[in-house]
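Notes to accompany the following structure.
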Amino acid sequence: LTKGFKTDNNKIISGIRGIPDGLLITFNPDLKDPIQVGLIEYECFGESKTKSTDKSNYMNSQIIPQLMRFASSFSVVTDRQTREETINEWTRKIIEFIYNDNNAQSKINQWIKILHKNISEQLIALKIQEALTTAFKSSVKVILIIDDLSSEQKETIKNVINSFKLENGNSIQFTGYVVRLTQKISLLNNESEYALSIQ
């Protein structure tokens with residue numbers, strides 16, 4: 001859960017905190033910020049919202065505000081203390097997850113060893129914490145996975161999310177993927193009835 005804004009009397013304003021559906025941490029040693037964080041939100045219009053007006057209303061009243069909440073939590077629009085609290089809490093939870101999963105621990109340890117040659121085993125955990133904290137401050141992406149998204153909507157959301165700046169001056173990034181469950185039309189495998197399509 002993100003921390004959310006506080007009023008003058010130190011109460012948290014309701015309705016502006018949120019929890020993403022997933023977190024994606026990626027590594028690319030060739031980038032300036034090699035470890036990057038993706039906040040994943042899954043949405044589905046499904047069979048209940050078939051009219052374009054229903055979809056548009058839901059997009060504008062639910063989906064975009066939720067994505068903005070995630071972006072604002074790590075942006076300079078949120079006061080430093082609240083932002084730091086969210087980053088510290090999320091970093092702690094990620095590290096907790098890493099050290100409770102041997103595969104995740106092995107993978108991220110390799111990342112740190114690539115970034116810091118000849119690092120001692122005792123320093124790896126500290127460097128993981130530093131790398132995650134840096135990622136939350138300099139390289140955050142909001143990822144929407146949904147069953148319907150026009151190129152115009154995608155561009156609009158991208159512009160909105162890009163308006164949120166991180167501490168280093170970078171914009172928060174946005175990516176949208178359209179994923180649909182479709183009936184498979186294939187005679188090669190009689191066992192498979194459905195397939196996922198990704199756009």
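Just the heavy atoms: all of them, side chains too, but no hydrogens, waters or symmetry mates, feed the values below.
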Using a 4.5 Å cut-off on heavy atoms from C-beta on, say whether the side chain of [Y] contacts that of [X].
X	Y	result
Lys137	Asn168	no
Pro20	Ile40	no
Asp147	Val178	no
Leu132	Ile25	yes
Glu167	Phe74	no
Leu115	Lys127	no
Phe45	Leu149	no
Thr175	Lys141	yes

[atom1]-[atom2] distance between [X] and [Y], expressed to the nearest 0.5 angstrom:
X	Y	atom1	atom2	answer
Ile108	Ile98	CD1	CD1	3.5 Å
Ile146	Tyr177	CD1	OH	14.5 Å
Gln173	Leu39	CD	CG	12.5 Å
Leu166	Phe136	CG	CZ	11.0 Å
Asn60	Gln62	CG	CD	10.5 Å
Asp148	Ser52	CG	OG	10.0 Å

Donor-acceptor pair, [X] side chain versus [Y] backbone, under 3.5 Å?
X	Y	result
Asn100	Glu96	yes
Asp21	Tyr42	yes
Asn57	Thr53	yes
Asn162	Ile172	yes
Thr78	Ser72	yes
Asp33	Ile35	no
Thr133	Gln129	yes
Ser73	Arg69	yes

Hey, is [X] close enough to [Y] for a salt bridge, meaning N to O under 4.0 Å?
X	Y	result
Glu43	Lys55	no
Glu85	Arg80	no
Arg92	Glu89	yes

Minimum heavy-atom separation for [X] and [Y], please, with both atom names.
X	Y	value
Val140	Ala135	CG2-O, 3.7 Å
Gln36	Leu31	NE2-CD1, 3.3 Å
Lys154	Phe174	O-CE2, 3.8 Å
Asn170	Ser138	ND2-O, 3.2 Å
Trp111	Thr26	CH2-C, 4.2 Å
Gly38	Ile143	CA-CD1, 4.0 Å

Original post:
Are Gln110 and Lys113 close enough, and set up right, to give a side-chain contact (heavy atoms from CB on, under 4.5 Å), and what steps lead you there?
Top reply: CA-CA 5 Å; Gln110 283 303 111; Lys113 287 176 182 177; 3.8 Å; yes

**OP:** Inspect the surroundings of NZ in Lys158 and state if more than 12 heavy atoms from other residues, nucleotides or ligands are less than 6.0 Å away.
**Re:** no

**OP:** Give a yes or no on this: more than 12 heavy atoms of other residues, nucleotides or ligands lie within 6.0 Å of atom OH of Tyr99.
**Re:** yes

**OP:** Write out all pairs satisfying ring pair (Phe, Tyr, Trp, His ring centres under 6.0 Å) with one or both partners inside residues 138-160, taking only residues at least two apart or from two chains.
**Re:** none

Subject >> Side chains of Asp79 and Thr82, donor plus acceptor under 3.5 Å >> reply: yes

Subject >> Pair Ser171, Lys165: side-chain N/O donor-acceptor within cut-off below 3.5 Å >> reply: yes

Original post:
For Val142 and Glu41, what are the C-alpha separation, side-chain angles and deciding distance, and is it a side-chain contact (heavy atoms from CB on, under 4.5 Å)?
Top reply: CA-CA 8 Å; Val142 174; Glu41 180 66 12; 5.8 Å; no

Original post:
Under a single-linkage definition using a 4.5 Å side-chain heavy-atom cutoff for Ile, Leu, Val, Met, Phe, Trp and Tyr, are Val76 and Ile161 assigned to the same hydrophobic cluster?
Top reply: no

